[in-house]
Amino acid sequence: MKRAYCWRCRKFIVVIEDVDWDEFDKLYKDSIEQVKKYREDTGSALNDAPVKKLFAPVYRFYEDRGGDSTVGHNEFYRHGERRFGPTCLACGKNFRTSEASFCAECGYRPGAK
Ligand SMILES: [Zn+2]
Ligand SMILES: [Zn+2]
């Protein structure tokens, strides 16, 4: 199980590892299709669709890997390993992206004096 610091959740979370991403992404997109289909079939508004039920395989996937799914599927979809930057040498949290030149949490900038 790999963890990273999510600045949106303000805590360390379980990441969806790169090896799992394609499978997870497919489940997620299938679930979006299920919601669309449900709405077409029933003519209901998005708020009326049993979104959490339709996304159940996505929740199960994340929970099976030890993730806390209570943040909701829109958030844990952002917990893909590839979306996090490297671990900060100063504070141990993650840079927000792999392109970030400094740590937004503590201000550490690699290479700076
Ligand atoms: Zn998060
Ligand atoms: Zn830092």
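Numbers for residues simply follow the sequence, beginning at 1. In each ligand, atom 1 is the first atom listed, and ligand 1 is the first ligand listed.
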(Q) Which atom name would you report as the N, O or S atom of E75 nearest the Zn ion (ligand 1)? (A) OE2
Q.
Within rounding of 10°, what is the angle whose vertex is the Zn ion (ligand 1) and whose arms end at SG of C9 and NE2 of H79?
A. 110°
Q. Are the charged groups of K26 and E23 less than 4.0 angstrom apart, N to O?
A. no
Q | E40 and K37 ion-paired at < 4.0 Å | A | no
Q. Taking side chain as C-beta onward, heavy atoms only, is L27 less than 4.5 Å from Y62?
A. no
Q.
Walk me through whether Y77 and D25 qualify under side chain to side chain donor-acceptor pair (under 3.5 Å).
A. CA-CA 8 Å; Y77 185 73; D25 192 47; 2.5 Å; yes
Q: Calculate the angle formed at the Zn ion (ligand 2) by SG in C106 and SG in C91; 10° precision is enough.
A: 110°
